[in-house]
Structures are given as structure tokens and as C-alpha cells.
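Structure first, then comments.
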Amino acid sequence: MQALLTRTAGIAARYLETLEDRSVAPTAAALEGLKELVEPMPGQPMEPAQVLETLDRIGSPATMGMAGRRFFGFVIGGSLPAALAANWLAGACDQCPGLFVASLIATALEEVCLAWLLDVLKLPAQSGGAFVTGATVANFTALAAARHSVLARAGWDVEADGLFGAPPITVAIGDEAHPSLIKALGLLGLGRSRVVRVPVDSQGRLVAARIPALQGPAIVCMQSGNVNTGAFDPEGEICERAHSQGAWVHVDGAFGLWAAVSPAHAHLTEGVAAADSWATDAHKWLNVPYDSGLAFVRDAAALKSAMSLTAAYLPQGEHREPSQYTPELSRRARRVEIWAALKSLGRAGLADLVGATAASPLDLPKNCGKGAARS
Ligand SMILES: *Cc1c(COP(=O)(O)O)cnc(C)c1O
């Protein structure tokens, strides 16, 4: 094991060191090499070292250079050194953090990270949180809590009785909502097409005055950080309008929510704390390895009601059970990399990471991972 892991670390370090000198996109020859992967299921075992050698020989040249500073696609970010190294250590420890009793360290890290994240993102300190795969699932998770809450207020138990016969929920989204938010609404039975699409301005910002009159159970989804323009919806105005009509306000802030950590950009998220739930990514601007998304819900009990296991499946103590807040039971201990990233950056480093990359993608501090969001 020692020899294999040491060798693999060498291969990985060399990959990262040579990223600046290779083409960002794979060459035609590298893609041609992928044909070697197409073979019948092997009948016999292969030595682990040889498996890794084969993977590196065929796979590494065919990668997209996303982990490097010359990759400018999307807003997907890379990995901070501490976060990548923590990911390796966590892989070796192979913790299953769904249950409190199964991994005390994983639970402890989750609680510490949750408090730190709510602090740096300037969200209400008592909010519940879920560590999930990405903003798509974070939107799904937070909106499941929203669905629970608005129907519970109308006297309907959606977890027990489903949506058939339930009071209808009005869902309003900006016309430039991210497609993953619309997918999440579809998964929740709220419909991809039955939502009310509120007009947006020339930057894709939802026009608060155009939110329709809301009656009965209602959810308004806004966006902090439009992936095409970088624009933020008028958060305070939307919250005021929606809340005055009893609606739940959800924020898709996959990359934009991180503006809160940079003094020069924090004004962009000034109004978000008034919302009821938030989704963001850690694998974008925080620069932790894939996959890593976060959902926060002001009413932690609503999140727990939407996500808890109903049957007394395994003993539950007095403690916070991580899996009572997420769609998954068994999963990766994603908070390990989040903890390592936040610990290595500190408040100051985090502000620099977001501030510098938001200001100019060409001024990336060395070692600050990849380009993070080039918004
Ligand atoms: C990236 C992004 C998403 C989807 O996030 P995933 O992590 O890919 O699931 C949702 N909303 C916005 C605004 C995004 O930028």
C-alpha cells in the first residue's frame, strides 16, 4: 500500500506541475488513446500498480486541464492544495459519515464547518445545513424543505401523503433561473413547466415588481450570481415582496453566495440573509475537489422533516445525525476538504481568493487553485 500510494502521489504531483506546459484541451492523439479502454470486462486480476499506470498513461493526457490556471471554462474552480491533500487522506480513512456513531470525526468536522460557513457567508447562525454533491442537489434539498414548510402551514404532510390531492404550491422563478434549479423543481413534483416565470432585466435579474400576487402555499426562487452575466437579483426587494405574501424565498447562489466573504463584493449579497434557504457550491469558488455542494435552511426543523428517515432504521441518539439533513444516507465525508480549505485560507485568505478572482482572472494569486469563478 505504501509503495502504491507514494507512487500515485508522485504521478499526481507531476500531473499538476506540468499542467502549465500542456494544452488545456486533450490533443487528438490523447483522445485516440481512449480507444484502448474499450475492451471486454477483464477475466483476470491486474496488479494495482499496473492499474494505476494504465489509468495515468491513457487517462491523464485525455483530461481537460481544469486544475490549471489557464482553464477558463464555466465557473467551476479547481482544488486548493490543502483541500486536495485532505481529500486523499479522507479517501484513505474511508469514513461513512451518515450516522453520528459511525464516524465521530466526520460528524465533528461537519458541525464545525457548518458554523464556519454560516459565519463567512453571513447567513443566520441557527440554520440547518446539508453537505451534498453540488448546487443541483443543494437546490433540491433546500426546496424539499420549502415544500415541506409551505404545505405544513396549509395543514398537509407532504412526506407522508405525497403531492396527490395536496393544496397547489405556486412557484415563481426568474426567467433566467439556472436549468439545474428547474430540474430540482421537477424532481420535487413541482413541475418544470408549471412554474411562474418572472420577467428579468437586461442583466437577467428578476424584476421584483413583476412577481405575481401570491396566495396560499408559495415559493419564490431567486438567484445570487447569474452564470451568464454575474448579476445578482434584488434580494432585499424580493424577500420583502414574497414574505409579505407568506411565501418561502429560496436563493440559488451556486457561485455568487461567496461574494459575501470579500469586503469589496459583499454588498452584492447584502439582502440574502433575509431569505429562507440557500444553495451553493464548495467545488466552485471555495476550490475544493469535486463533488461538493451545500444547502442551508433557516428553519433547521423543516430541513430535518423533509430529509429524515421515517423508520427507526438504526438507533438515533440525542446528537445531530448528518443523514437526517441530506437525501443520502451513505456518502463521502465531503466536509473534510471544506474544513481543510477554510482552515488553510482563514478569513483573510478566503477574502483574497474571492476578491482577487472576481477582480481579474489574470491576477490569480499563485497556488490559489484554479481560476475559481471568473465572473
Ligand atoms: C453551477 C451552477 C448550478 C449547478 O451546480 P452543480 O454543482 O453543477 O450541480 C446551479 N446554479 C448556478 C447559478 C450555477 O452556477
Side-chain angles (χ1 to χ4, degrees), residues 64 66-67 71-79 83 87 117 121 129-144 146 171-188 190 192 195 197-198 200-201 203-206 219-235 238 249-261 265 268-269 271-272 275 277-296 326-328 331-332 334-335 337-338 341 354 357-358 361 369-375:
M64 183 69 77
M66 287 179 186
F71 179 78
F72 288 94
F74 318 109
V75 286
I76 64 182
S79 298
N87 171 272
L117 289 162
L121 295 172
F131 293 67
V132 296
T133 48
T136 304
V137 178
N139 278 324
F140 169 84
T141 304
L143 287 166
V171 181
I173 65 172
D175 205 27
E176 284 203 16
H178 195 274
S180 69
L181 179 97
I182 298 167
K183 175 175 171 176
L185 290 167
L187 290 171
L188 287 161
L190 299 175
R192 294 186 183 206
V195 295
R197 298 186 80 115
V198 182
V200 293
D201 67 13
Q203 294 297 302
R205 290 184 206 96
L206 189 155
I219 301 169
V220 176
C221 299
M222 64 176 171
Q223 185 165 248
S224 288
N226 177 305
V227 80
N228 295 314
T229 65
F232 288 64
D233 286 351
E235 295 132 356
I238 293 173
V249 180
H250 170 71
V251 182
D252 177 1
F255 66 94
L257 217 53
W258 293 92
V261 308
H265 303 90
L268 293 167
T269 58
V272 289
S277 61
W278 306 265
T280 192
D281 269 317
H283 59 216
K284 283 177 180 163
W285 227 327
L286 185 58
N287 287 267
V288 303
Y290 287 95
D291 47 24
S292 197
L294 298 157
F296 305 108
T326 52
E328 311 92 342
R331 62 209 163 103
R332 226 162 54 72
R334 293 187 187 87
R335 70 283 280 191
E337 300 113 13
I338 293 176
V354 172
T357 49
K370 343 322 207 5
R374 286 97 186 172
S375 58

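The residues of the chain are indexed from 1 along the displayed sequence. Numbering of ligands and ligand atoms starts at 1, following listing order.
Once rounded to the nearest 0.5 Å, the distance linking CZ of F131 with CZ of R331 reads 8.5 Å.
At a threshold of 4.5 Å between non-hydrogen side-chain atoms, the residues R334 and L294 do not count as touching. Counting heavy atoms from C-beta outward, L185 and I173 have side chains that approach closer than 4.5 Å. Put simply, the side chain of F255 does not reach to within 4.5 Å of the side chain of T280, judged on heavy atoms.
Partners of A259 according to the side chain to side chain contact (heavy atoms under 4.5 Å, CB included) rule, which considers only residues two or more places apart in sequence or in another chain, are F232, H265, L268, T269.
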Just list the N/O pairs, ligand 1 to protein, that are under 3.5 Å apart, with the distance for each.
unit_1	atom_1	unit_2	atom_2	d
ligand 1	5 (O)	D281	OD2	3.2
ligand 1	7 (O)	A135	N	3.0
ligand 1	7 (O)	D281	OD1	2.9
ligand 1	7 (O)	D281	OD2	2.8
ligand 1	7 (O)	H283	NE2	2.9
ligand 1	9 (O)	A135	N	3.3
ligand 1	9 (O)	T136	N	2.8
ligand 1	9 (O)	T136	OG1	2.5
ligand 1	11 (N)	D252	OD1	3.2
ligand 1	11 (N)	D252	OD2	2.7
ligand 1	15 (O)	K284	NZ	2.9

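The backbone N or O of G204 lies less than 3.5 Å from a partner atom in the side chain of D201, making a donor-acceptor pair.
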